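Predicted model only: the values in this text are computed from it and were never measured. One-based numbering, in listed order, for ligands and for the atoms of each.
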Amino acid sequence: MQKITLTQPDDWHLHLRAGAALKDVVNFSAAQFRRAVVMPNLKPPVTTVRQALAYHAEIKDALQNPQDFEPLMALYLTESTHRDEIKRAAEHPCIHGFKLYPAGATTNSEAGIGSLQNIYPLLEIMERHDVPLMIHGEATDPHIDIFDRELAFIENSLFEIIERFPGLRIVLEHITTRHAAEFIRQAPAQIAATITAHHLLYNRNALFQGGLKPHFYCLPVLKREEHRLALLDAAASGERKFFLGTDSAPHPRHGKENACACAGCFTAHAAIELYATAFASVNKLDKLEQFASFNGPDFYGMPRNSSQVTLQKTEWEVPAGYTFGNDTLIPLEAGRVLTWKFDKTPQNSQ
Ligand code: DOR
Ligand code: ZN
């Protein structure tokens with residue numbers, strides 16, 4: 001297969017940052033995706049509709065072609081989120097849902113949730129107004145092995161949330177284990193998951209191969225090969241509960257190449273190419289469109305995109321770095337050759 005044509009995909013999990021950094025990354029995503037759920041873990045976090053609308057305007061302002069890309073705003077859920085904020089979010093077309101970060105689980109999660117019980121009244125309102133909840137699903141107890149934190153969250157917290165709020169639409173974000181994939185498969189229809197390209201392409205060896213490799217460090221951290229294979233099986237299965245969310249998370253080079261390296265892999269420069277590489281590795285390119293372009297909008301009850309994009313089988317070298325404010329951004333696969341190339345001009349089929 002030399003060329004594939006897809007309905008234009010969406011990215012259901014993306015970090016864009018703010019200010020100069022935002023300007024340097026957003027057009028990578030806008031070149032490939034029609035819509036993206038923009039995560040709210042800024043400093044300070046995006047906790048209100050008002051803040052999200054200001055951020056939405058800033059993103060639109062940073063776009064080369066603002067009409068071609070729609071940011072879908074996620075609000076940061078805190079223990080002091082006001083009930084009325086949830087109603088406002090439900091009514092506003094730019095707001096996509098709330099993101100739950102367990103406090104301490106990841107980058108800028110300090111304002112997140114300490115005790116889940118404290119937000120049950122908020123989850124009840126979200127359930128009533130059909131506002132989706134996107135979850136960073138990792139337990140934060142430092143005694144739990146870092147490779148087991150996703151499973152611990154599922155067992156200790158997610159079961160209970162689903163049982164208490166059976167009507168709440170939940171997306172378990174960036175799943176990384178066989179357990180999570182199996183859990184999602186057997187969970188009720190309103191529970192789904194996103195999967196990143198990097199968790200489909202690499203196992204935890206990538207972190208240590210030939211020395212410590214901070215550009216492969218993200219959270220949840222890469223897992224064993226058996227988990228990567230289970231995720232690839234889920235993503236390429238065509239099952240409707242799994243969809244594309246890059247979790248592309250840019251950090252300045254000095255923050256990554258640091259004794260206390262930041263978590264996050266930047267993949268927006270080659271997002272769909274990286275997914276294509278993963279799907280091609282198991283001869284499942286025919287399932288890429290379902291995963292990248294159909295399952296997400298179907299789950300969220302949104303229209304599928306009408307535009308189309310193409311991928312060519314062409315070799316190209318990923319640049320060694322990109323400008324990122326006054327620093328450098330090291331993309332995933334920097335300096336390596338990829339075999340799929342996105343055609344940068346989306347063809348509108350209308
Ligand atoms: O690797 C990650 N980076 N995981 C997250 O949950 C957050 C993200 C970021 O914002 O950098
Ligand atoms: Zn994320």
For the residue pair [X] and [Y], categorise the inter-ring angle as parallel (less than 30°), tilted (30 to 60°) or perpendicular (more than 60°).
X    : Y    : answer
F266 : F28  : perpendicular
F159 : F183 : perpendicular
H174 : H13  : tilted
F291 : F279 : tilted

With a 4.0 Å cut-off, would you call [X] and [Y] a salt bridge?
X   : Y   : value
E85 : R88 : yes
E91 : K87 : no
E70 : K60 : yes

Enumerated ligand 1 atoms positioned under 4.0 Å from heavy atoms of [X]:
X    : answer
A249 : 3 (N), 8 (C), 9 (C), 11 (O)
D247 : 4 (N)
H136 : 6 (O)
C218 : 1 (O)

At what distance is the nearest protein heavy atom to [atom], and which residue and atom is it?
atom                    : answer
atom 10 (O) of ligand 1 : N41 ND2, 2.8 Å
atom 3 (N) of ligand 1  : A263 O, 3.0 Å
atom 5 (C) of ligand 1  : T106 OG1, 2.9 Å

Q) Considering only heavy atoms, which of H174, E173, H251 lies nearest to atom 11 (O) of ligand 1? A)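 The nearest heavy atom belongs to H251.
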Q: From the options M39, R17, H198, select the one whose nearest heavy atom is closest to atom 9 (C) of ligand 1.
A: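 Answer by nearest heavy atom: R17.
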Q) Does L219, backbone or side chain, put an N or O under 3.5 Å from an N or O of ligand 1? A)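 Yes.
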Q.
So, 4.0 Å and heavy atoms of N108: is ligand 1 close enough to count as a contact?
A.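 Heavy atoms of N108 never come under 4.0 Å of ligand 1.
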Q. Can you tell me the N, O or S atom of D247 that's nearest the Zn ion (ligand 2)?
A.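 The nearest such atom is OD1.
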Q.
Of all the N, O or S atoms in H15, which has the shortest distance to the Zn ion (ligand 2)?
A.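 Of the nitrogen, oxygen and sulfur atoms in H15, the Zn ion (ligand 2) lies nearest to NE2.
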(Q) Looking at the Zn ion (ligand 2), is there an N, O or S atom belonging to H174 that lies under 2.8 Å away from it? (A)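 No N, O or S atom of H174 is closer than 2.8 Å to the Zn ion (ligand 2), so no.
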Q.
Taking the ring centre of each residue, are W12 and Y300 less than 6.0 Å apart?
A.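 Yes: the rings meet the under 6.0 Å criterion.
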Q) Does a donor on one side chain sit under 3.5 Å from an acceptor on the other, for T176 and K223? A)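 There is such a pair between these side chains.
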